[in-house]
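I have placed the structure first, in the form of structure tokens, so that the comments after it can refer back to it.
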Amino acid sequence: MKNNPQAFSGGVPTPEELEQINRYARSPLRAEEVYAFCITLCDNEVDRDGECFSLEALHTLAALYPGKPGLFDHSRKGRDQTARTYRAWVETDETTHTSLGEPYSALRARAYMVRTQANAGLIAEIDAGIKREVSVGCAVSRKTCSICGAEQLTQPCIHRPGRVYGGKRCHMVLSGVQDAYEWSFVAIPAQPNAGVTKSYFFQKGEEARMEQFIETLKNAQDGLTLTKGQVEALLTYLQDLEQLAEDGRQYQGTLQQEVIRLCALHTPQLDFGRCPALLQKCSTQELAELKAMLSAADAHDPPALQLAAVPEQKPTAQEHLAFQI
């Protein structure tokens, strides 16, 4: 029987659950003091970002999430810490399949909070289904393209999630989980079934996408503190970007020279003094397409050599008769 992926079962914990909860409490809690509820953290379905967790990643997260806190909007402030996870597991429904044709698997968890006057409203909102969507904060070491198998965190490919290549829609598979930090109540989920928005953080020896780091900086209202390992990872990432940019500039310059050469062959009437300035406005993709078009025209109608040598003609015997005695 499949559970509702977004269902929260709240209430007084069972004796077995209370025993699990008290492993994290400094003083033993009574069942009536505790509010326990169920959450779906993430699953193996492709989400709105064109990404999905591998089954291996879900099982690794299940082992890491017990003891991790529940927050609001991934806030690093202690006052926004609202709950704690005490159990997590992977639940698979063989009768339901993802868009990739795989059996649907989800990471479920149980969390608790102490009943107080301050959180009575939150508990009521959870029971009413208002506070439902959650987001996980974790670190992964692999992000694999479904089209070519390239690892995006080390050698990004040209494929983009959501686009179709050869009849197949591209998505990225997240695996190699390094750590689980927290989960948070959020307003807008990326995964429709589990309401998950993934967050990635820099760790030593780990690559991360620059746009995600920029987004983290934007959301850091009171500043952001980085460890030495995180700074080293960021500097390494920037150095790699600088090298990629330099390679791109060299490739673009080579394309521009090749386009000018092909234009000189096919359209000698052009003012080639203006070509470099005009081609500077073209993107690398536009230059490549222009080169391809000119090369195709070159193959169908190769230009004649302007300085071709005149074939040597040997004098015939008839031409020498006037000089014979």
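Any value given below was found using the heavy atoms of this structure, including those in side chains, with hydrogens, waters and symmetry copies removed.
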key: Interatomic distance, R261 atom CZ to K291 atom NZ [nearest 0.5 angstrom]   = 8.5 Å

task = Applying side chain to side chain contact (heavy atoms under 4.5 Å, CB included), run through R110 and E17 and close with a yes or a no.
result = CA-CA 9 Å; R110 292 281 292 179; E17 288 181 315; 2.8 Å; yes

inquiry  = Can you confirm whether D73 sits close enough to V186 that some side-chain heavy atom of one is under 4.5 Å from a side-chain heavy atom of the other?
reply    = yes

request  = Starting at CD of Q285, measure out to SG of C282 and round the result to the nearest 0.5 Å.
outcome  = 11.5 Å

task = Tell me yes or no: between the side chains of E45 and T98, is some donor less than 3.5 Å from an acceptor?
result = no

inquiry  = Could you measure the distance from the OG1 atom of T85 to the CG atom of L64? Nearest 0.5 Å is fine.
reply    = 11.5 Å

query = Under a 4.5 Å cut-off applied to non-hydrogen side-chain atoms, are C138 and F53 in contact?
reply = yes

ask   = For C148 and H159, which heavy atoms make the closest approach, and how far apart are they?
value = SG-ND1, 3.5 Å

message = Are the side chains of W183 and L61 in contact, using a 4.5 Å heavy-atom criterion?
response = no

ask   = What pair of heavy atoms forms the shortest contact from N44 to C52, and how long is it?
value = O-CB, 3.8 Å

request  = Check the pair L107 / T40 against side chain to side chain contact (heavy atoms under 4.5 Å, CB included), numbers first and verdict last.
outcome  = CA-CA 6 Å; L107 175 60; T40 298; over 6 Å; no

query = Looking at CG of L174 and OG1 of T144, how far apart are the two atoms once the value is rounded to the nearest 0.5 Å?
reply = 8.5 Å

query = So C42 and L58, side chain to side chain contact (heavy atoms under 4.5 Å, CB included) or not? Walk me through it.
reply = CA-CA 8 Å; C42 52; L58 293 179; 3.7 Å; yes

request  = Give me the other members of the hydrophobic cluster that I130 sits in, counting Ile, Leu, Val, Met, Phe, Trp and Tyr linked by side-chain heavy atoms under 4.5 Å, directly or via other members.
outcome  = none

task = Only counting residues at least two apart or in another chain, list the ones meeting salt bridge (charged side-chain N to carboxylate O under 4.0 Å, His left out) with E94.
result = none

query = Ignoring hydrogens and geometry, is there a side-chain-to-backbone donor-acceptor pair from N22 to A25 under 3.5 Å?
reply = no

remark   = With sequence neighbours left out, the residues meeting side-chain contact (heavy atoms from CB on, under 4.5 Å) with E32 are R30

message = For a quick check under 3.5 Å, do S175 and S54 share a side-chain donor-acceptor pair by atom type?
response = no

query = Shortest non-hydrogen contact from Q81 to L71?
reply = CA-CD2, 3.7 Å

inquiry  = Clusters formed by hydrophobic residues whose side-chain heavy atoms approach within less than 4.5 Å: which one holds Y86, and what are its other members?
reply    = L18, I21, Y24, L29, V34, Y112, V114

ask   = For E242, what residues pass the salt bridge (charged side-chain N to carboxylate O under 4.0 Å, His left out) criterion, not counting sequence neighbours?
value = none

key: Within-4.5 Å side-chain heavy-atom neighbours: S135 and H74   = yes

ask   = Between L122 and M113, is any pair of side-chain heavy atoms under 4.5 Å apart?
value = yes

ask   = What is the distance from atom CZ of R108 to atom CZ of R87, rounded to the nearest 0.5 Å?
value = 12.0 Å

query = Are L153 and E151 side-chain neighbours, meaning at least one heavy-atom pair lies under 4.5 Å?
reply = no

inquiry  = Could you see if V90 belongs to whatever hydrophobic cluster contains V173? Use Ile, Leu, Val, Met, Phe, Trp, Tyr and a side-chain cutoff under 4.5 Å.
reply    = no

ask   = Which pairs pass ring pair (Phe, Tyr, Trp, His ring centres under 6.0 Å) with one or both residues in residues 123-142, sequence neighbours excluded?
value = none

message = Just to verify, what does Q250 make a side chain to side chain donor-acceptor pair (under 3.5 Å) with, not counting sequence neighbours?
response = E246

Side chain to side chain, C170 and R160, heavy atoms closer than 4.5 Å = no

ask   = Taking only residues two or more places apart in sequence, or in another chain, which ones meet F72 in a ring-ring contact (aromatic ring centres under 6.0 Å, His included)?
value = F185

Salt bridge (charged side-chain N to carboxylate O under 4.0 Å, His left out) partners for E286, two or more places apart = none

ask   = Does atom CD of E125 have more than 12 heavy-atom neighbours from other groups under 6.0 Å away?
value = yes

request  = Enumerate the residue pairs fulfilling side-chain hydrogen bond (donor to acceptor under 3.5 Å, both in side chains) with a member in residues 57-68, sequence neighbours excluded, ordered by first and then second residue.
outcome  = none

remark   = So the side-chain hydrogen bond (donor to acceptor under 3.5 Å, both in side chains) pairs with at least one residue in residues 161-172 (sequence neighbours excluded) are S146-H171

inquiry  = Please enumerate all residues that pass salt bridge (charged side-chain N to carboxylate O under 4.0 Å, His left out) together with R142, with sequence neighbours excluded.
reply    = E56

query = Would you call M172 and C145 a side-chain contact if the rule is heavy atoms closer than 4.5 Å?
reply = yes

ask   = Per the side-chain hydrogen bond (donor to acceptor under 3.5 Å, both in side chains) rule, which among D43, T95, T96 passes with Y104?
value = D43

